[in-house]
Structures are given as structure tokens and as C-alpha cells.
Amino acid sequence: MQWETVIGLEIHTQLATNSKIFSGSPTAFGAEPNTQANLVDLAMPGVLPALNRRAVEFAVRFGRAIEAHVAERSVFERKNYFYPDLPKGYQISQAELPIVGRGHVEIVMDDGEVKTVGVTRAHLEEDAGKSLHEDFHGMTGIDLNRAGTPLLEIVSEPDMRSAKEAVAYARKIHQIVTYIGISDGNMQEGSFRCDANVSVRPKGQEELGTRTELKNINSFRFLERAINYEIERQIDLIEDGGRVVQETRLYDANKDETRSMRSKEEANDYRYFPDPDLLPVVIDQAFMDAVTADMPELPDVRRARFQAQYDLSPVDANILTATRATADYFEAVAEVSGDARIAANWVMGELAAALNKEGRDIEQSPVDAQALAGLLVRIRDNTISGKIAKQVFEAMWSGEGTADEVIEAKGLKQITDTGAIEALVDEVIAANPQQVDNYRNAEPEKRPKMIGFFVGQIMKKSQGKANPQQVNALLREKLGE
Ligand code: ADP
Ligand code: MG
């Protein structure tokens with residue numbers, strides 16, 4: 001039997017507002033427990049929520065980015081359930097009338113195949129608090145700092161057919177929300193959380209199979225692994241004569257498996273109803289226009305622009321726009337150094353390798369864009385060769401100063417003085433009469449290769465500092481061509 005996998009994702013992305021969605025408390029990560037929860041977040045009697053305008057702007061921005069229908073009127077509802085980290089006894093969310101309706105994104109697979117994935121909806125809601133189990137013996141601590149943090153829940157159509165496609169889609173959404181500046185996308189801190197709905201069906205069957213929902217996935221790598229584990233589990237189960245039950249399963253990264261958390265039968269009836277404390281959200285044309293005018297450049301648009309403006313290949317443009325931080329970095333280096341080609345080579349080459357080695361993101365690079373551009377300027381004006389530049393880069397990386405400071409301190413300036421180079425050329429020619437003879441008697445087309453021997457000797461003598469173009473020119477002149 002051939003099986004087909006069907007996947008739909010629910011992504012909760014934390015919006016990068018300074019304050020909460022219905023209160024003025026700050027949203028900063030990592031504060032002492034319960035220092036960022038005010039009366040509204042604590043659900044004291046008599047308090048009223050006031051909607052954060054910025055959160056609405058961000059949701060609309062996302063709607064524009066995925067070419068979705070943005071609702072002129074959306075409604076907040078109460079989702080009722082009991083849990084210690086939810087003092088109100090309900091979460092304010094949107095159900096019937098979400099702010100963002102049907103949209104779509106394009107994903108590109110490794111083999112270049114382009115696929116469109118539908119986004120069903122995206123709605124605004126508040127986050128709950130957090131239960132703390134460590135550090136408490138026989139008790140659970142409750143931290144309400146996160147209560148009321150604005151979230152945008154983005155629900156996809158069941159359009160993905162493999163774990164790889166699901167990851168490509170999640171990465172695309174991550175790229176969009178970070179590019180348009182509505183979320184920091186930090187997965188470790190929980191600012192971007194993916195729940196995966198997975199089912200299988202016999203190939204060719206129209207009707208969808210019974211799905212399970214996988215939770216507790218905090219990286220793209222785990223997303224792929226959790227889905228693949230679940231696909232196998234479901235197929236094995238069905239082939240052994242069993243059936244999949246609709247349930248929520250928790251992914252355990254340590255064991256690389258999913259296990260049952262709660263079945264649909266045990267699931268809550270949330271008794272949604274419109275929140276009487278909040279008015280419907282009405283978005284008029286002026287609001288839409290203002291958001292559109294403020295819209296940052298989208299990743300796909302930037303990629304196309306990089307190709308055209310900097311004459312980059314599609315592959316290079318894709319790498320250099322993978323994250324907004326990378327694109328910003330590259331673009332700054334290209335502008336300041338005045339050479340996009342060298343900038344691209346260094347950002348994708350030396351810099352990427354160094355970052356990779358230390359497992360750092362480009363935001364944490366010890367060599368910033370200005371500093372790297374400073375180094376590339378010195379290659380361009382022939383102060384140093386490309387080879388010496390790698391040595392300078394290493395020193396800059398370990399904090400030894402700017403390119404100019406390192407070049408100066410280590411005496412790495414390229415030798416461009418013709419007299420000095422000529423002396424070196426003469427020395428090497430005089431020391432190697434046999435090679436000179438061989439060269440002169442060789443076929444002209446063999447000579448370019450043979451000249452490498454002399455260049456090597458001279459570069460060695462100059463500790464790599466002689467200008468290679470000048471060395472070549474002088475050698476050719478002296479050896480007689
Ligand atoms: P709920 O409200 O119970 O979470 P939804 O109908 O809103 O259910 O679906 C949630 C997610 O599950 C969506 O991303 C949707 O695409 C996906 N989904 C629905 N049915 C299936 C299925 N049979 N297999 C895989 N994914 C599914
Ligand atoms: Mg769900």
C-alpha cells in the first residue's frame with residue numbers, strides 16, 4: 001500500500017509590541033517572575049482590557065504580506081477553560097471572525113520545485129502564563145509575565161505532503177514575520193511555536209485521514225523529526241490493523257518520539273462567545289493605507305532586487321536574503337565597500353564559515369558590516385591581497401581591531417614599490433638558473449603554468465606581501481616573453 005502524508009500547521013508567533021495586547025505591561029523576555037503582570041493580566045475584578053493598536057497593525061501587515069483578505073470587522077471572543085496559568089478562566093482570542101482571512105505563500109523545495117501553500121486564517125489572541133515545575137517541591141509556581149502577550153496564530157490549509165514541505169512552509173512564515181518586523185521569531189524563547197497536524201491516507205484517496213496534532217516543537221529540525229516519526233507511527237498502526245485516534249501528542253526531543261497528551265474526547269468544549277468587554281475591530285481604508293505605506297520590503301521582492309541590482313545569481317540572492325539580518329548585513333557591506341561581488345563572496349564565504357564554526361547568527365558576528373567593508377576596501381585599493389585579507393579577517397574576528405589597525409600592527413601592507421619587487425624578482429631568478437632555462441625553452445602555452453614556481457618563491461620571500469599582479473608582470477618581462 002502506498003501512503004500519502006497530509007500536514008497542516010498552526011503557528012503561534014509572538015508580536016514584537018512593547019506592551020501587552022490588552023494591558024500596558026511590558027512584554028520583555030526574561031524578567032523576574034510576576035514583575036510584568038498588572039491588574040489586567042492578573043484578572044482582578046472590575047478591570048477592563050484595552051486593545052493595543054500596534055498589535056492590530058502587525059496583524060494587518062501580515063495579512064498584506066500573504067496577500068490575504070483583511071477583515072473590515074473582526075471580533076474577539078472568550079475561549080473558556082480552566083488552568084492555573086490562566087487567571088481569568090478564559091483566553092481572549094478570535095474564532096468566527098478572524099482579522100486575517102484566506103491567503104497564501106510560495107515555498108521553494110531543494111530541487112527548485114515551487115509550491116503554493118494556502119493560509120486559512122490568522123487571528124489575534126493573548127498568550128497564557130507559565131507553570132514552573134522546577135525549583136518547587138511538591139508545588140507548581142505560576143509566572144504571569146507572559147499572560148496577555150500578543151500572539152498571531154497562523155493556520156495553514158492541509159497542503160503539505162511531507163515533513164520537508166512543512167519545514168519549508170514554517171521557514172517561509174518565519175522569514176516573512178521577521179522581515180516585516182512583526183516578530184523577533186526567536187524559537188528558543190517561544191516567540192515562534194509550531195504545532196503540526198499530521199495524517200496519512202492511501203495514495204489516490206480524496207478523503208483526509210484522521211489527524212493527530214503534535215505540540216512542543218521548538219526548532220525546525222525537531223519539526224521535521226517529529227513529523228517523520230509520527231508518519232511512521234501512523235502507517236505502522238494502520239498496517240497492523242489499528243486506527244489512528246484524533247488526539248494531541250507531545251514531541252519528546254530527547255527520545256525523538258511523540259506520545260499521547262489528550263484525546264479529542266477529553267478535549268474541552270471552549271464555549272466561545274464574543275467578549276462583551278471589547279468592541280469589534282473595525283479597519284477602515286485609511287488604516288489599511290497607513291499599514292501598506294509602512295510595509296517593509298518582502299523577502300521575495302528583496303531577492304529579486306538583489307539579483308538585478310547586484311548582479312547576483314538566483315542561488316546567491318537566495319542565500320543572501322535567507323534572513324533579514326543577512327540581507328541587511330550584505331547590503332551594508334556592498335554599499336560601504338562599493339563592490340557587491342566581493343561583498344557577496346565574503347559574506348557567503350569567510351564570514352559564513354566563521355559564524356558556522358562557532359554556531360553564531362550573523363547578528364552576533366564579532367565583525368560587523370562596517371568592519372568587514374573596511375577590510376574589503378583594503379583589498380580593492382591594493383593595500384593587501386585577498387590571501388592576506390583572510391589573515392586580517394581572523395585577527396579582526398578575535399578582536400584585534402579594525403582592518404587598518406591589524407594591517408598596521410602586523411605589518412601586512414602589500415609591497416607595491418616596484419623597486420622592492422624588482423629586487424625580489426632578480427634574487428629569485430638568480431637563485432634558480434635551471435628553472436629559468438626550462439622556462440625559456442618551454443612551449444609558450446606551457447609557460448603560464450611554469451611561472452607559478454617563480455611567483456611562489458617571491459611570495460614566500462615577501463611573506464605573501466608582494467603585489468601578485470606586479471610580480472607576474474615583472475617576471476614575464478625579465479624572463480623574456
Ligand atoms: P482545530 O480547530 O481543531 O485545531 P482546524 O480545522 O482548525 O482544527 O485545523 C487545524 C489544522 O489542522 C489546520 O492547519 C488544518 O490544515 C489541519 N488539518 C485539518 N485536518 C487535517 C488532516 N486530516 N490532516 C492533516 N492536517 C489537517
Ligand atoms: Mg488546533
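One-based numbering, in listed order, for ligands and for the atoms of each. What's counted below: heavy atoms across the whole structure, side chains too, no hydrogens, waters or symmetry copies. All values derive from a computational prediction rather than experimental measurement.
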Enquirer: Out of all atoms in ligand 1, which are within 4.0 Å of some heavy atom of G209? Include the element for each.
Expert: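 Close to G209: 23 (N).
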Enquirer: I'd like to check which ligand 1 atoms, numbered from 1 as shown, lie under 4.0 Å from a non-hydrogen atom of S156.
Expert: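 Heavy-atom distances to S156 below 4.0 Å select 13 (C), 14 (O), 15 (C), 16 (O).
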Enquirer: One residue to check: E157. Relative to ligand 1, which of side chain, backbone, both or neither has a non-hydrogen atom less than 4.0 Å away?
Expert: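 E157 to ligand 1: backbone contact only, side chain stays beyond 4.0 Å.
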Enquirer: Does a donor on one side chain and an acceptor on the other come within less than 3.5 Å for R64 and T292?
Expert: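 Yes, a side-chain donor-acceptor pair sits under 3.5 Å.
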Enquirer: With no hydrogens and no angle check, do the side chains of E157 and H104 hold a donor and an acceptor under 3.5 Å apart?
Expert: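 The answer is no; no qualifying pair exists.
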Enquirer: Any carboxylate oxygen within less than 4.0 angstrom of a Lys/Arg side-chain nitrogen, looking at E257 and R233?
Expert: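 A salt bridge is absent here (no side-chain N lies under 4.0 Å from a carboxylate O).
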Enquirer: For ligand 1, which atoms, with element, lie under 4.0 Å from some heavy atom of L9?
Expert: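 It comes down to these atoms of ligand 1: 14 (O).
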Enquirer: Classify the contact between T120 and ligand 1 as side chain, backbone, both or neither, using a heavy-atom distance cut-off of under 4.0 Å.
Expert: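 Contact part for T120 vs ligand 1: neither.
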Enquirer: Quick one: do the Y310 and E331 side chains pair a donor with an acceptor below 3.5 Å?
Expert: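 Looking only at side-chain atoms, E331 and Y310 do form a donor-acceptor pair, the distance falling under 3.5 Å.
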Enquirer: Could an N or O of ligand 1 be found under 3.5 Å from any N or O of T210, whether backbone or side chain?
Expert: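 There is no such contact.
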Enquirer: State whether a side-chain donor-acceptor pair under 3.5 Å links Q234 with W3.
Expert: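 The criterion, which ignores hydrogens and geometry beyond distance, is not satisfied for W3 and Q234.
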Enquirer: Which of the numbered atoms in ligand 1 are below 4.0 angstrom from a heavy atom of V6?
Expert: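 Reading through ligand 1 atom by atom, the close ones are 24 (N), 25 (C).
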Enquirer: Which option, R211, E153, R121, owns the non-hydrogen atom nearest atom 1 (P) of ligand 1?
Expert: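 It is R211 whose heavy atom sits nearest to atom 1 (P) of ligand 1.
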Enquirer: Would you call the rings of W397 and F393 parallel, tilted or perpendicular, where under 30° means parallel and over 60° means perpendicular?
Expert: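 Aromatic pair W397/F393 classed tilted.
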Enquirer: Using modelled atom types and a 3.5 Å cut-off, is there a donor and acceptor pairing between side-chain atoms of Q175 and backbone atoms of T321?
Expert: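 Side chain of Q175 to backbone of T321: a pair is present.
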Enquirer: Any atoms of ligand 1 less than 4.0 Å from a non-hydrogen atom of V155? List them with their elements.
Expert: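 The atoms of ligand 1 under 4.0 Å from a heavy atom of V155 are 13 (C), 14 (O).
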Enquirer: State whether the shortest distance between N or O atoms of V198 and N or O atoms of ligand 1 falls below 3.5 angstrom.
Expert: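 By distance alone, the answer is no.
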